[in-house]
Amino acid sequence: MTTKRVLTVLAAAAALTVPAATTATAAPARAGACNGYVGLTFDDGPSGNTTKLLGALRQNGLRATMFNQGQYAAANPSLVRAQVTAGMWVANHSYTHPHLTRLSQAQIDSEISRTQQAVANAGGGTPKLFRPPYGETNATVKSVAARYGLTEIIWHVDSQDWNGASTDAIVQSVARLTSGQIILMHDWPANTLAAVPRIAQTLASRGLCAGTISPQTGRAVAP
């Protein structure tokens with residue numbers, strides 16, 4: 001009976017050590033989940049697709065920078081507020097999406113300043129980041145943006161979603177990102193929306209997380 005009792009106690013003690021060992025190994029894995037950060041950006045919103053896009057991003061644990069057009073922010077203030085509520089960052093993408101390098105300084109100023117006001121009025125805060133339409137910029141565009149305290153942000157990888165890229169192609173574009181880099185996507189393409197769950201999986205498999213974009217460096221960093 002004594003031997004049996006000892007064996008029972010030893011078995012119970014061994015069983016108790018298993019959860020402790022599991023917890024000890026799991027904690028470092030969670031702590032080291034983010035080996036780097038990338039910037040997911042979506043241009044041209046808010047749109048009729050914004051609500052679904054925000055839902056997909058939240059469901060998959062992703063945050064992104066939304067480069068909104070001022071005219072759409074003014075027309076859809078509730079969607080700008082929804083972006084903020086969903087944990088996204090709201091930025092400036094001009095008011096009407098013109099070729100800014102073809103405009104006068106006064107016209108460029110109008111495009112940028114009206115968007116700053118529209119986003120703020122809609123509850124999106126005062127943007128600190130600016131993306132010129134088509135990625136087209138020059139010294140005048142840069143100086144006007146700087147006057148409003150904006151950092152110009154282009155991109156490192158173009159998903160080509162605006163050009164009809166497939167969901168597979170969009171996911172493959174995300175797979176090319178390295179830490180600190182930024183990818184261009186858009187608010188409206190159906191293929192981009194469909195790609196969101198796989199974007200999350202792709203980043204996780206590489207130890208990358210979706211971060212914010214630093215106004216100081218123009219690169220993706222921890223939120």
Side-chain angles (χ1 to χ4, degrees), residues 34 37-97 115 118-125 127-135 153-177 181-206 208-213 220-221 223:
C34 296
Y37 293 87
V38 298
L40 305 179
T41 68
F42 295 88
D43 287 11
D44 294 351
S47 73
N49 196 51
T50 299
T51 300
K52 290 181 180 178
L53 177 60
L54 294 176
L57 290 169
R58 287 191 71 175
Q59 187 174 352
N60 288 279
L62 297 175
R63 300 178 73 183
T65 301
M66 320 302 282
F67 282 96
N68 287 341
Q69 287 189 41
Q71 59 182 339
Y72 299 145
N76 303 283
S78 63
L79 291 179
V80 177
R81 289 193 294 274
Q83 291 173 335
V84 175
T85 300
M88 308 303 150
W89 300 281
V90 182
N92 186 321
H93 192 43
S94 81
Y95 202 85
T96 63
H97 207 274
T115 303
V119 169
N121 288 347
K128 292 180 170 41
L129 306 176
F130 168 67
R131 172 170 288 160
Y134 314 104
I153 303 296
I154 309 296
W155 54 82
H156 299 94
V157 176
D158 181 353
S159 71
Q160 291 283 315
D161 63 347
W162 56 272
N163 199 27
S166 66
T167 297
D168 284 346
I170 294 166
V171 173
Q172 288 163 11
S173 295
V174 171
R176 299 205 308 270
L177 289 169
Q181 290 191 331
I182 295 162
I183 185 168
L184 169 69
M185 294 181 284
H186 291 77
D187 174 279
W188 49 268
N191 287 343
T192 304
L193 175 62
V196 169
R198 290 173 58 194
I199 288 172
Q201 293 165 5
T202 297
L203 293 179
S205 71
R206 300 179 59 216
L208 294 172
C209 295
T212 190
I213 299 173
V221 296

*With no hydrogens and no angle check, is any side-chain donor or acceptor of H93 less than 3.5 Å from a backbone partner on D44?*
no

*Between T41 and I213, which heavy-atom pair has the shortest distance, and what is it?*
CG2-CD1, 3.7 Å

*To the nearest 0.5 angstrom, please state how far the CG atom of D158 sits from the CG atom of N163.*
8.5 Å

_How close do T167 and R198 get, counting heavy atoms only, and between which atoms?_
CG2-NH1, 3.9 Å

*Does any non-hydrogen side-chain atom of V84 lie less than 4.5 Å from one of V90?*
yes

*Please check if the side chain of R131 supplies one atom and the backbone of I154 the other of a donor-acceptor pair under 3.5 Å.*
yes

*Looking only at atom types and distance, does a side-chain atom of R58 sit under 3.5 Å from a main-chain N or O of G87, one as donor and one as acceptor?*
no

*Taking the six-membered ring for Trp, are H186 and W188 parallel (under 30°), tilted (30 to 60°) or perpendicular (over 60°)?*
tilted

_Go through it in stages, so that I can follow the logic: the residues are L53 and D187, the test is side chain to side chain contact (heavy atoms under 4.5 Å, CB included), and I'd like the CA-CA distance, side-chain angles, deciding distance and then a yes or no._
CA-CA 7 Å; L53 177 60; D187 174 279; 4.0 Å; yes

*So, do I199 and N60 sit near enough that their side-chain heavy atoms are less than 4.5 Å apart?*
no

*Could you please spell out the steps behind the side chain to side chain contact (heavy atoms under 4.5 Å, CB included) verdict for W89 and K128?*
CA-CA 10 Å; W89 300 281; K128 292 180 170 41; over 6 Å; no

*Heavy atoms only: give me the nearest V196-A56 pair and the separation to one decimal.*
CG1-O, 3.6 Å

_Could you measure the distance from the OH atom of Y37 to the OG1 atom of T212? Nearest 0.5 Å is fine._
11.5 Å

*Backbone N or O of Y95 within a donor-acceptor pair of the T115 side chain at under 3.5 Å?*
yes

*What heavy-atom pair brings P46 and A73 nearest, and what distance separates the two atoms?*
CD-N, 3.7 Å

*How many angstroms lie between atom OG1 of T96 and atom OH of Y72, to the nearest 0.5 angstrom?*
9.0 Å

*When rounded to the nearest 0.5 angstrom, what is the spacing between OG1 in T202 and CD1 in I170?*
12.0 Å

*Atom pair CG/OG1 of D43 and T65 - distance to nearest 0.5 Å*: 10.0 Å

*Check the pair V119 / N92 against side chain to side chain contact (heavy atoms under 4.5 Å, CB included), numbers first and verdict last.*
CA-CA 8 Å; V119 169; N92 186 321; 6.0 Å; no

*Distance from L54 atom CG to L79 atom CG, nearest 0.5 Å?*
8.0 Å

*Of all heavy-atom pairs between A210 and L62, which one has the smallest distance, and what is that distance?*
CB-CD2, 4.1 Å

*asked:* Determine whether T192 and F42 satisfy the following criterion, side chain to side chain contact (heavy atoms under 4.5 Å, CB included), listing intermediate values before the conclusion.
replied: CA-CA 10 Å; T192 304; F42 295 88; 3.6 Å; yes

*Does any non-hydrogen side-chain atom of N121 lie less than 4.5 Å from one of P77?*
no

*Any side-chain donor near an acceptor of the partner, N191 and S166, under 3.5 Å*: no

*Below 4.5 Å, heavy atoms only, C-beta onward: do V171 and D168 meet side chain to side chain?*
no

*Please report the closest heavy-atom contact between Q83 and T50, naming both atoms and the distance.*
NE2-CG2, 4.0 Å

